[in-house]
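These numbers were taken from a predicted model, which means no experiment stands behind them.
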Amino acid sequence: MNCKRPLILISNDDGYTANGIKTLASFLSDFAEVLVCAPDGPRSGYSCAFSANTPLHLEHQNNIPNCEVWSCSGTPVDCVKITFEQILTDGRRPDLILGGINHGDNSSVNTHYSGTMGIAREGCLKYIPSIAFSSCDYNPDANLEPLRHYVVKIVKQVLKEGLPKGVCLNVNFPARDNFKGIKVRRMGYGSWLKETLRCEHPRGFDYYWMLGKYRNDEPSATDTDQWALKEGYVTITPTRIDITDYDMLDKMKAWEE
């Protein structure tokens with residue numbers, strides 16, 4: 001591997017053959033060494049899950065030009081973990097870890113379910129600057145070329161300046177071909193409603209699909225990621241690994257004996 005260029009590890013939760021991960025790799029391969037390790041199929045909604053009770057399979061692939069590509073039978077987080085000990089056997093560590101580009105919105109509370117964000121969190125836990133990229137366009141064949149300028153800009157800025165310990169970035173793009181610019185916004189509050197659908201099987205038993213309809217619980221707030229996306233902006237939400245509520249921590253000191 002060429003050590004003169006930054007090493008960027010990319011994974012996703014849509015699978016190594018997805019349009020999003022191939023497009024993301026193509027944005028970066030002219031100035032960085034790109035290593036891909038991604039699931040062998042869709043793993044949406046896996047968040048930070050890893051395979052504690054299932055053996056994993058790792059296979060070398062050749063489907064993305066100018067990149068070293070591996071597929072893994074596990075979760076997005078498995079892909080990050082296995083890369084460090086089974087692929088980067090020379091002990092080299094990535095300069096940056098990326099998740100995406102995800103086919104679907106990972107703003108608001110979706111960040112807690114997202115396998116794309118799980119990748120960024122795992123990278124952050126390993127003290128490596130990490131970013132999750134998602135498009136609100138759910139079409140798996142969507143044209144993601146309009147994202148290039150912003151992806152490269154954000155990646156190069158993080159490579160240059162780094163990120164604070166325990167902080168990763170959640171970046172979302174609205175489903176459109178042009179963007180008004182970048183807005184750095186907090187995570188908005190929202191709820192998922194009607195999350196299950198009951199169906200009747202021809203053999204006489206019921207089965208269920210996990211679905212859901214998203215509701216913005218802060219429709220009038222203008223400082224949220226949801227507002228900025230609706231207005232046509234690329235959103236960046238800095239996300240902490242430390243989930244301690246320090247205000248409540250101070251209040252609860254009185255509980256101590």
Worksheet entry | Thr244 side chain to Tyr246 backbone, donor-acceptor under 3.5 Å | no
Worksheet item: Do the charged groups of Arg43 and Asp13 touch, with an N to O distance under 4.0 Å?
Response: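 Looking at Asp13 together with Arg43, the answer is no, because their closest N to O distance does not fall below 4.0 Å.
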Fill in: Side-chain ion pair, Glu33 and Arg92, N-O less than 4.0 Å
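Salt bridge: yes.
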Item to complete: In sequence, state the C-alpha distance, the side-chain angles, and the governing distance for Thr196 and Leu211, and then conclude on side chain to side chain contact (heavy atoms under 4.5 Å, CB included).
Response: CA-CA 5 Å; Thr196 59; Leu211 299 171; over 6 Å; no
Pair [X]-[Y], side-chain donor/acceptor within less than 3.5 Å:
{"X": "Asp40", "Y": "Ser71", "value": "no"}
{"X": "Ser191", "Y": "Asp217", "value": "yes"}
{"X": "Asp105", "Y": "Ser107", "value": "yes"}
{"X": "Thr239", "Y": "Asn170", "value": "no"}
{"X": "Tyr214", "Y": "Ser108", "value": "yes"}
{"X": "Asp225", "Y": "Thr235", "value": "no"}
{"X": "Thr224", "Y": "Glu218", "value": "no"}
{"X": "Thr111", "Y": "Arg121", "value": "yes"}
{"X": "Asn110", "Y": "Trp192", "value": "yes"}

Fill in: Stepwise side chain to side chain contact (heavy atoms under 4.5 Å, CB included) test for Arg148 and Lys153
CA-CA 8 Å; Arg148 177 188 292 269; Lys153 174 183 175 69; over 6 Å; no
Discussion item. Using ring centroids (six-membered ring only for Trp), state whether Tyr233 and Phe179 fall under 6.0 Å.
Written reply: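 So the answer is no for these two rings.
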Discussion item. Apply side chain to side chain contact (heavy atoms under 4.5 Å, CB included) to residues Glu145 and Phe27 and explain how you reach the verdict.
Written reply: CA-CA 9 Å; Glu145 182 61 28; Phe27 291 168; 3.8 Å; yes
Worksheet entry | Student check: side-chain heavy atoms of Leu169 and Thr237 closer than 4.5 Å | no
